Amino acid sequence: MALYTVLAEILGGTWIRQVDGETPEAALAQWAQDVDISEIEGFEETHRQYLVGAVSKTDDHSRPTLIDGCVNAWVWYTSTQDEELVLVYLVETTKPA
């Protein structure tokens with residue numbers, strides 16, 4: 001299982017967390033499930049549930065996209081039900097020995 005650093009731009013703020021996942025998609029899903037809504041002003045449980053739903057879709061738009069010219073770095077975006085942009089970067093990170 002790999003460690004991913006997740007950098008998320010939500011409602012004008014930046015939040016950084018690390019999660020484990022077998023794939024970037026699994027790490028994104030884990031992050032969405034675990035996001036601490038109390039840390040994001042104006043972000044409520046309904047927003048988190050909407051985010052979880054967006055991550056769980058299976059179309060190509062719902063999967064992280066490898067960033068051109070980068071290794072182990074992906075980007076994913078969606079919007080909240082209020083049409084606020086959610087921009088997420090995932091970077092596969094080396095675990096400390």
Side-chain angles (χ1 to χ4, degrees):
M1 189 168 301
L3 178 67
Y4 290 86
T5 300
V6 180
L7 301 100
E9 300 284 334
I10 304 172
L11 299 176
T14 304
W15 285 266
I16 303 172
R17 290 286 176 263
Q18 291 185 312
V19 295
D20 289 315
E22 293 291 333
T23 64
E25 293 84 1
L28 179 63
Q30 187 65 52
W31 168 80
Q33 190 68 37
D34 293 347
V35 68
D36 184 353
I37 61 170
S38 69
E39 295 179 349
I40 305 170
E41 185 176 336
F43 200 73
E44 301 173 357
E45 180 60 22
T46 56
H47 293 103
R48 191 186 67 76
Q49 289 298 328
Y50 190 85
L51 190 59
V52 168
V55 167
S56 66
K57 292 180 183 175
T58 57
D59 59 15
D60 285 342
H61 172 73
S62 300
R63 297 192 335 228
T65 302
L66 186 63
I67 297 173
D68 287 342
C70 294
V71 176
N72 297 334
W74 296 262
V75 64
W76 178 83
Y77 67 93
T78 191
S79 61
T80 67
Q81 65 269 41
D82 303 327
E83 299 193 18
E84 294 286 341
L85 177 67
V86 176
L87 181 62
V88 179
Y89 296 95
L90 299 111
V91 179
E92 188 172 344
T93 307
T94 303
K95 288 185 180 184

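Only heavy atoms go into these numbers, but all of them, side chains included; no hydrogens, no water, no symmetry mates. Because the structure is predicted, anything quoted here is derived from the model rather than measured.
L7 and L3 are assigned to two separate hydrophobic clusters, defined by single-linkage of ILVMFWY side chains at heavy-atom distances under 4.5 Å. Criterion: ILVMFWY side-chain heavy atoms under 4.5 Å apart, direct or through other members. Under it, V55 and W15 are part of a common hydrophobic cluster. No single ILVMFWY cluster, assembled from side-chain heavy atoms under 4.5 Å apart, contains both Y50 and L11. Follow the hydrophobic side-chain contacts under 4.5 Å out from V19 and you never reach V52; the two are in separate clusters.
Between T78 and A54, the shortest heavy-atom contact is OG1-CB, 3.8 Å. P64 and L28 make their closest contact through CG-CD2, 3.9 Å (heavy atoms, listed as atom of the first residue, atom of the second, distance). In this structure, L90 and A27 approach most closely via the heavy-atom pair CD2-CB, 4.1 Å.
Here CH2 of W74 is found 11.5 Å from OG1 of T65. Values are rounded to the nearest 0.5 Å. Annotation: the span from E22 atom CD to M1 atom CE amounts to 4.5 Å, rounded to 0.5 Å. Annotation: the span from S56 atom OG to Q33 atom CD amounts to 9.5 Å, rounded to 0.5 Å. T14 contributes atom OG1, which lies 9.0 Å from atom CG of L87 (distance to the nearest 0.5 angstrom). For the atom pair CH2 of W31 and CD of Q18, the computed distance is 14.5 Å after rounding to the nearest 0.5 Å. Taking OH of Y4 as the start and CG of N72 as the end, the distance is 7.5 Å to the nearest 0.5 Å.
Evaluation of the side-chain hydrogen bond (donor to acceptor under 3.5 Å, both in side chains) rule for Q49 yields E45 as partners, not counting sequence neighbours. When the side-chain contact (heavy atoms from CB on, under 4.5 Å) test is applied to S79, no partner is found at least two apart in sequence or on another chain.
Sorted by first and then second residue, the side-chain hydrogen bond (donor to acceptor under 3.5 Å, both in side chains) pairs involving residues 88-97 (not counting sequence neighbours) are T5-T93, D20-K95. Within the structure, every pair that satisfies the salt bridge (Lys or Arg N to Asp or Glu O under 4.0 Å) test and touches residues 4-19, not counting sequence neighbours, is listed here: R17-E39.
Considering only heavy atoms from C-beta on, I16 stays 4.5 Å or farther from V6 through its side chain. At a threshold of 4.5 Å between non-hydrogen side-chain atoms, the residues L85 and Y77 count as touching.
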